[in-house]
Number of protein chains: 2
Amino acid sequence: MPVVTETRVDFWQAHGINPDNCPVRQVLDHVSAKWPVLILMVLGGGPRRFNELLRALPDISKRMLTQSLRNLERDGIVRREVFDTKPPSVSYSLTELGQGFLPRVLALADWAETSMPRILAARDAYDRG
Amino acid sequence: MPVVTETRVDFWQAHGINPDNCPVRQVLDHVSAKWPVLILMVLGGGPRRFNELLRALPDISKRMLTQSLRNLERDGIVRREVFDTKPPSVSYSLTELGQGFLPRVLALADWAETSMPRILAARDAYDRG
DNA sequence: CCGGATCCCACTAGATACTG
DNA sequence: CAGTATCTAGTGGGATCCGG
């Protein structure tokens, strides 16, 4: 765990890294971009085909599923395999990188879940005041 | 670490929890909402005043700083203290909850930073192909 | 010094229809 | 089966001005 001071922010500034071009943030964006985490959780259970994912995430549109999968694939987190059978089938699975990513995302989600009572209490207090 | 299967997704479905109302996601949104993480990192160095934060994050607008701070305050992650001096001054700092949140966010950021070479390589390969 | 209020544009994502 | 294309309403965030 790094020491947390303004030092790192200073470093970023010095190297022209801003919130818009920071590659780390682009990865972190997968965390809260609405669908990626859910997709990764399903894929954590093993490889899935496109329509299986579609059925597993009832509210997602084909468009968003495609887009999210492409982003994850581009970052090497998800692997896409095409079998040119008839009809064609495509399999999505976690790469090794993705298997290292998922637990850390879930760890954060678990903290959020554990802390939820305190957070909801804080919100309640804030909204009253 | 929980077992990762579709079970949890099923649980969510069964309880009517979807990506739009899921409270956990609302917390995770702080992670990638562009500014909150940077704000937390600066506050990790100790309490800061509004304009100090403004100077520490060169590209942020007053509007976004205010908004981000309000969100974090509402969730009990950041504490806001007003001293009615002349001119008025406001101090922002991490709550106990925020101090528990920050390391986990940084842990994820560190993974992203460590994995960045592999991710960039994956992107490069993807963009060529 | 620390914001709130307003205007406005750019991007996002849902719906729908179509394809190899 | 596994997507793409197009259209459109809704939203987020910058710029700017105002106030306690």
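Quick caveat: nothing in here was measured; it's all calculated off a predicted structure. Chain naming here is simple, since letters A, B, ... match the order of the sequence lines and numbering starts at 1 in each.
Listed by chain and number, the residues in a salt bridge (Lys or Arg N to Asp or Glu O under 4.0 Å) with A/R63 amount to none (sequence neighbours excluded). When the salt bridge (Lys or Arg N to Asp or Glu O under 4.0 Å) test is applied to A/D124, the partners found at least two apart in sequence or on another chain are A/R128. Under the rule for a salt bridge (Lys or Arg N to Asp or Glu O under 4.0 Å), B/R49 has no partner lying at least two apart in sequence or in another chain.
Whole-Å rounding puts the A/L69 CG to D/dG3 P distance at 8 Å. Put simply, CZ on B/R70 is 11 Å from P on C/dA5, counting in whole angstrom units. As rounded to whole Å, 8 Å separates atom C1' of D/dG13 from atom CD of B/Q67. The CG atom of A/N71 sits 13 Å away from the C1' atom of C/dT12 (whole-angstrom rounding). The separation between A/F50 atom CZ and D/dG3 atom P is 5 Å, rounded to whole Å. Atom CG of A/L65 is separated from atom P of C/dG14 by 12 Å (rounded to the nearest Å).
Side-chain N/O atoms of A/Y92 include none lying less than 4.0 angstrom from OP1 or OP2 on D/dC1.
Not one N or O on the side chain of B/R74 forms a donor-acceptor pair closer than 3.5 Å with the backbone of A/D127.
Contacts classified as salt bridge (Lys or Arg N to Asp or Glu O under 4.0 Å) and involving residues 80-99 of chain B (residues at least two apart or in different chains) are not found.
Looking at residues 77-89 of chain B, you'll see B/R80, B/P87, B/P88 sit with a heavy atom under 4.0 Å from some atom of DNA chain C.
One hydrophobic cluster holds both B/L43 and B/V82 under the rule that ILVMFWY side chains link at heavy-atom gaps under 4.5 Å.
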Polar atoms only, N or O, under 3.5 Å: list the protein pairs with nucleotides 14-17 of chain D and their distances.
residue : atom : partner : partner atom : Å
D/dG14  : OP2  : B/S61   : OG           : 3.3

query: Taking it one step at a time, do B/E52 and B/Y92 satisfy side-chain contact (heavy atoms from CB on, under 4.5 Å)?
result: CA-CA 10 Å; B/E52 287 185 297; B/Y92 295 93; over 6 Å; no
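The distance from the CZ atom of A/R48 to the CG atom of A/L57 is 11.0 Å, given to the nearest 0.5 Å.
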